[in-house]
Amino acid sequence: MSHPTRHDVVIAGAGMVGASLAYALARSGLEVAQIEPTASAARQHVGFDERSITLSFGSARIYETLGLWSRIAAHATPIRTIQITEARRFGSARLDASELDVDALGYVVNARAFNTILNDAVSSEPKVRVYCPAKVTALQSPSDGEIGLAVSITQGDAIRTLQSPLVVGADGADSTVRKLLGIAATVHDYDQIALVANVDVENVQDGAAYERFTPHGPIAVLPNGGKRYGIVWMLDRAVGESIMALSDDAFALRLHDEFAGRLGMFSNVGQRFRYPLKLTRSAQLARTRAVLVGNAANALHPIGAQGFNLGLRDVALLAQLIVDAHRAGADIGADALLQRYSRERMADQRRTVLFTDVLARVFDAEWFAPLRPLGLLATQLFPPLRRQITRGAMGLGGRLTRLSRGLPL
Ligand SMILES: Cc1cc2nc3c(=O)[nH]c(=O)nc-3n(C[C@H](O)[C@H](O)[C@H](O)COP(=O)(O)OP(=O)(O)OC[C@H]3O[C@@H](n4cnc5c(N)ncnc54)[C@H](O)[C@@H]3O)c2cc1C
């Protein structure tokens with residue numbers, strides 16, 4: 001039998017979160033293995049589609065510190081204002097970057113372009129070995145009594161064993177690593193879908209994003225450069241399916257009507273995609289020599305555009321703890337390190353999950369509809385409240401890691 005190949009860290013999953021972690025660690029001198037089942041040319045899943053992803057100001061700063069921002073910025077559109085309105089009711093609010101003395105509240109990137117940049121960056125790092133297409137299928141204690149975990153990966157018909165003091169599950173909401181570790185997950189099905197499409201919009205202001213509360217769910221209209229905008233419309237499942245079934249022209253007209261003509265005509269409708277919406281939370285973040293990040297830890301409802309930004313904050317802390325231990329010649333998979341990661345990520349994760357879950361449920365509840373205009377009015381009239389909401393949306397709440405303060409690892 002061949003000997004296992006050793007790596008400092010084995011990362012399951014090359015989605016946006018896993019790829020970001022692999023890059024951060026390799027740049028700091030660690031030998032990383034990255035396992036990904038889907039060959040890049042065939043990737044159509046959530047990380048590699050035509051969705052518009054909003055990166056928070058905080059996430060942009062992390063990539064700037066990692067030296068990747070100039071590549072991402074070439075494909076990103078800054079959001080300078082967010083205009084929030086309510087269909088068929090009075091009330092609006094406006095969040096503005098200038099109120100916080102920053103250039104942008106966040107940046108919109110196309111998921112496919114973004115993940116391609118991340119994966120290309122990882123592939124050009126000599127310290128990363130990418131196993132693709134391959135998947136993690138088993139985790140065991142090493143047979144030779146070495147410290148760490150033996151990771152079985154399946155590549156076609158072949159099974160290989162990798163060995164590492166630390167395995168990271170960045171393998172998404174249905175994480176295999178989480179299951180192999182025996183960590184339970186709670187799942188709440190919102191019975192909603194997110195309907196996603198790219199469209200041209202006639203009457204838009206430069207750098208403006210729009211959020212519209214409609215009786216069927218909130219619509220986010222996100223700038224993608226020029227008149228091209230990304231639509232993310234969260235809808236009850238049955239209504240969502242009926243809107244999915246509309247012709248392109250009828251869909252464009254429906255958007256025009258939902259905005260009561262304020263944004264003019266919608267046209268040039270791209271392919272529409274639907275995502276069933278669930279909240280999946282892991283009961284624990286770590287077990288002996290293994291840890292979960294990103295969607296494997298918490299997969300959220302997309303309202304508020306928090307999910308990936310939260311996962312990147314997992315990456316920023318985990319990378320910092322691993323790099324510090326590696327430099328000090330300490331064990332990078334030690335229990336104390338993993339417990340510290342779990343402890344320090346807990347507050348941010350709880351807060352973000354709660355915020356998103358409350359928004360998702362409340363905006364779906366009929367009793368809340370008459371109160372929404374009051375919320376918008378309060379936001380507009382009280383600048384401290386507005387600034388607080390804006391800072392949260394920018395990913396600047398809570399304790400900041402070195403990467404999110406602009407300091408290298
Ligand atoms: C409609 C919609 C809009 C969204 N908009 C935003 C937004 O604007 N801003 C934001 O911050 N977030 C947003 N999100 C959330 C964001 O998409 C996710 O948080 C993000 O994709 C999570 O990335 P990840 O790398 O953790 O997981 P994933 O993208 O799911 O990647 C997991 C990877 O693991 C791989 N894998 C699976 N099994 C195995 C295995 N056994 N071994 C190895 N690898 C494996 C998969 O192939 C995949 O590549 C949105 C989500 C949706 C649905």
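Both counts, for ligands and for their atoms, begin at 1 and track the order of listing.
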Atoms of ligand 1 under 4.0 Å from any heavy atom of Gly172, numbered from 1 in the order shown, are 27 (O), 30 (O), 32 (C)
Short list, please: which atoms of ligand 1 are under 4.0 Å from a heavy atom of Gln306? 11 (O)
Is atom CG of Asp189 surrounded by more than 12 heavy atoms (other residues, nucleotides or ligands) closer than 6.0 Å? yes
List ligand 1 atoms under 4.0 Å from Ala170, heavy atoms only on the residue side. 32 (C), 33 (C), 34 (O)
Test your reading of the structure: does Phe308 have an N or O sitting under 3.5 Å from an N or O of ligand 1? yes
Looking at Gly13, which atoms of ligand 1 are within less than 4.0 Å of one of its heavy atoms? 33 (C), 34 (O), 35 (C), 43 (C), 44 (N)
Under 3.5 Å between some N or O of ligand 1 and some N or O of Val293? no
May I ask you to say whether Asp335 pairs ionically with Arg287, meaning some side-chain N is under 4.0 Å from a carboxylate O? no
Going by the order shown, which atoms of ligand 1 are within less than 4.0 Å of some heavy atom of Gly307? 10 (C), 11 (O), 12 (N), 19 (O)
I'd like to check whether Lys135 has a polar contact with ligand 1, where a contact means an N/O of the residue lying under 3.5 Å from an N/O of the ligand. no
Would you call Arg350-Asp348 a salt bridge at under 4.0 Å N-O? no
Ion pair present between Asp174 and Lys179, side-chain N to carboxylate O less than 4.0 angstrom? yes
Between the candidates Val177, Val10, Ile53, which shows the shortest non-hydrogen contact distance to atom 5 (N) of ligand 1? Ile53
Could you tell me how the ring of Trp233 sits relative to the ring of Phe251: parallel (under 30°), tilted (30 to 60°) or perpendicular (over 60°)? tilted
In ligand 1, which numbered atoms sit nearer than 4.0 Å to a non-hydrogen atom of Ile35? 43 (C), 44 (N)
Nearest neighbour of atom 9 (N) of ligand 1 from the list Val108, Asp174, Thr54, on a heavy-atom basis: Thr54
Can you list the atoms of ligand 1 that are under 4.0 Å from a heavy atom of Met16? 21 (O), 25 (O)
Taking only Lys NZ, Arg NE, NH1 and NH2, and the carboxylate oxygens of Asp or Glu, determine whether Glu241 and Arg274 approach each other closer than 4.0 Å. yes
Salt bridge between Glu202 and Lys227, side-chain N to carboxylate O under 4.0 Å? no
Please list, one pair per line, the donor and acceptor atoms closer than 3.5 Å that link side chains of residues 259-269 to other protein atoms, with sequence neighbours excluded.
| residue | atom | partner | partner atom | Å |
| --- | --- | --- | --- | --- |
| Asn268 | ND2 | Asp200 | OD2 | 3.3 |

Say whether Val17, considering both its backbone and side-chain N or O atoms, lies within less than 3.5 Å of an N or O atom on ligand 1. yes
Out of Val196, Asn119, Asn295, Leu277, whose heavy atom sits nearest atom 26 (O) of ligand 1? Asn295
Ion pair Arg281/Asp357, N-O distance below 4.0 Å: no
Taking only Lys NZ, Arg NE, NH1 and NH2, and the carboxylate oxygens of Asp or Glu, determine whether Asp248 and Arg272 approach each other closer than 4.0 Å. yes
Under the ring pair (Phe, Tyr, Trp, His ring centres under 6.0 Å) test, which residues partner Tyr229, sequence neighbours left out? none
Heavy-atom proximity to atom 45 (C) of ligand 1, picking from Pro37, Ala194, Ala19, Ala305, points to Pro37
Check for me whether Gly311 has a heavy atom closer than 4.0 Å to any atom of ligand 1. no
Considering only heavy atoms of Thr38, which atoms of ligand 1 have at least one such atom less than 4.0 Å away? 47 (O)
